[in-house]
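One structure below.
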Amino acid sequence: MSALEKIAAIDAARQREVAAALRAFLPASAVLFNTEDVKPYECDGLSAFRQMPMVVALPANEAEVQRVLQTCHRLQVPVVPRGAGTGLSGGALPLGNGVLLSLAKLMRILEIDPLSRTARVQPGVRNLAISEAAAAHNLYYAPDPSSQIACSIGGNVAENSGGMHCLKYGLTVHNILKLRAFTVEGELLEIGGNSLDAAGYDLLALLTGSEGLLAVITEITVKLLPKPQRAQCVLAAFDDVVKAGQAVANIIAAGIIPAGLEMMDKITTGAVEPFVNAGYPLDAEAILLCESDGTPEEVADEIERMKAVMLASGATEVRVSQSETERVRFWAGRKNAFPAAGRVSPDYYCMDGTIPKRALPQVLTAIAELSKQYGLRCMNVFHAGDGNLHPLILYDANQPGELARTEEFGAKILKLSIDVGGTITGEHGVGVEKIDSMCDQFRAPELAMFHAVKQAFDAGGRLNPGKAVPTLHRCAEMGRMHVHGGQEKFPDLPRF
């Protein structure tokens with residue numbers, strides 16, 4: 001038997017051992033290991049990175065989640081938690097020697113309390129389903145990622161997702177009160193509380209956005225808001241992308257905090273318009289969508305102020321939605337920008353950096369220059385109000401070298417975000433996609449602190465290993481250790 005055959009035999013034996021241990025308490029249909037069964041789990045929404053999992057576990061309740069974790073801990077098997085698989089940073093990329101723990105079956109809305117304006121939900125519940133269930137009480141859940149029709153609330157917590165209306169209503173972390181979660185050993189944690197504050201360290205914020213590295217979330221208590229009495233959307237067209245970027249800064253500088261403030265460039269509107277017939281002006285170099293909500297009086301006043309700022313900033317056309325149908329149609333185009341990219345390119349690579357709003361014109365100009373430099377088109381669509389960029393780099397994976405060129409282009413955008421005082425992510429997380437850019441963002445002492453937090457929750461490093469936080473060794477080997485004021489020195493830390 002050759003060395004490769006011996007390794008394959010060992011891997012197969014390990015797979016049988018793990019599957020058998022899980023099938024001791026899960027139905028056979030909830031423990032997958034045949035190639036055709038695990039193939040759908042080989043990637044999340046970042047399909048450029050793929051890996052077949054050794055075993056997929058599909059628990060149906062919290063007790064089964066706990067037993068999966070306890071079993072994997074006993075067998076020293078790595079575990080990768082997965083929600084709906086819509087993530088865009090490879091956070092749910094499986095391991096060839098690990099268990100992919102899918103939480104898709106935990107999809108019950110456990111309670112809606114209209115008096116406290118909260119809902120208790122399991123992690124597999126779709127984001128939009130929360131608002132649909134709360135609508136009977138004239139309430140809704142504010143964070144609304146573009147994928148809200150499909151993405152799960154558990155995944156939203158893992159990545160601290162935002163959405164079109166995060167400028168006014170905040171990210172996931174601002175809209176949840178309490179979590180139930182299990183450590184890698186299967187120990188239950190209850191984080192946060194039903195009140196606005198809880199004693200001790202803010203572990204709720206720590207777990208939100210932790211990308212499955214610290215614990216597996218099994219229940220979330222979310223805040224619900226009353227539906228606004230009225231909402232209207234302003235659509236403003238510009239003959240220059242830089243003018244549109246400056247208009248965003250001008251709106252915020254005028255003291256206006258819109259419910260939503262989004263931007264799309266000409267390539268994006270050209271892709272979206274045939275897809276949803278939103279009524280976008282196709283000759284504009286960029287459009288802004290700026291929404292106001294509240295009482296009719298508040299909305300009327302804010303809309304007039306928005307229009308004045310848009311026109312003063314160089315808008316060539318300004319429209320205001322005249323009905324709820326038209327407002328929804330304006331937003332439908334923005335929410336479908338990602339799938340519409342498939343109309344103009346075989347593949348796209350969605351970036352996620354955040355910059356100060358004052359830097360928007362500078363960064364948009366630089367992205368246009370990088371697009372020419374790399375010979376790749378780039379659709380600019382983003383949460384303009386909070387500076388969260390989502391450039392979509394268009395490429396063809398079948399063309400040799402294009403993916404590598406695309407990744408290099410994307411890394412330059414992230415570095416640019418850091419250079420202007422921003423950060424490498426806003427809501428998509430780091431996962432495997434941006435792990436090298438973390439070396440540009442953070443200094444050695446900061447990365448050491450991240451590792452210390454990881455060690456406190458998961459000393460063996462078996463929960464979603466290799467994601468989000470790079471080792472100092474990795475940064476040093478790449479020659480990208482972030483330096484402040486001279487040569488950076490760092491300790492020899494454990495690898496995770």
Quiz prompt | Thr268 versus Asp265, side-chain donor and acceptor atoms under 3.5 Å | solution = yes
Exercise. Could you tell me whether Glu262 and Arg334 make a salt bridge, using a distance below 4.0 angstrom between a side-chain N and a carboxylate O?
Key: yes
Self-check item: Test item: side-chain donor near acceptor, Glu427 and His390, under 3.5 Å
Solution: yes
Quiz item: Has the side chain of Ser210 got a donor or acceptor atom that lies under 3.5 Å from a matching backbone atom of Leu213?
Solution: no
Self-check item: Closest approach of Leu32 to Asp37 (non-hydrogen atoms, all atoms of both residues)
Solution: CD1-O, 3.8 Å
Self-check item: Ion pair check, Lys243 and Asp239, cut-off under 4.0 Å
Solution: yes
Self-check item: Inter-residue atom distance Leu364.CG - Ile355.CD1, 0.5 Å rounding
Solution: 6.5 Å
Quiz item: What pairs meet the salt bridge (charged side-chain N to carboxylate O under 4.0 Å, His left out) rule with one or both residues in residues 399-411, with sequence neighbours excluded?
Solution: none
Quiz item: What heavy-atom pair brings Ile176 and Leu179 nearest, and what distance separates the two atoms?
Solution: CD1-CD2, 4.2 Å
Exercise. Return the set of residues passing salt bridge (Lys or Arg N to Asp or Glu O under 4.0 Å) with Asp202 (not counting sequence neighbours), or none when no residue passes.
Key: none
Self-check item: Residues Lys39, Glu36: salt bridge by 4.0 Å N-O rule
Solution: no
Exercise. Check whether the side chains of Glu433 and His428 place a donor and an acceptor atom closer than 3.5 Å, and report yes or no.
Key: no
Quiz item: What heavy-atom pair brings Arg23 and Val31 nearest, and what distance separates the two atoms?
Solution: NH2-O, 3.1 Å
Exercise. Compute the ring centroids of Phe409 and Tyr349, then answer whether they are less than 6.0 Å apart.
Key: no
Self-check item: Under 3.5 Å side-chain donor-acceptor pair for Glu159 and Ser161
Solution: no
Practice problem: Please round to the nearest 0.5 Å and tell me the distance separating atom OG of Ser147 and atom CG of Leu88. | Solution: 7.0 Å
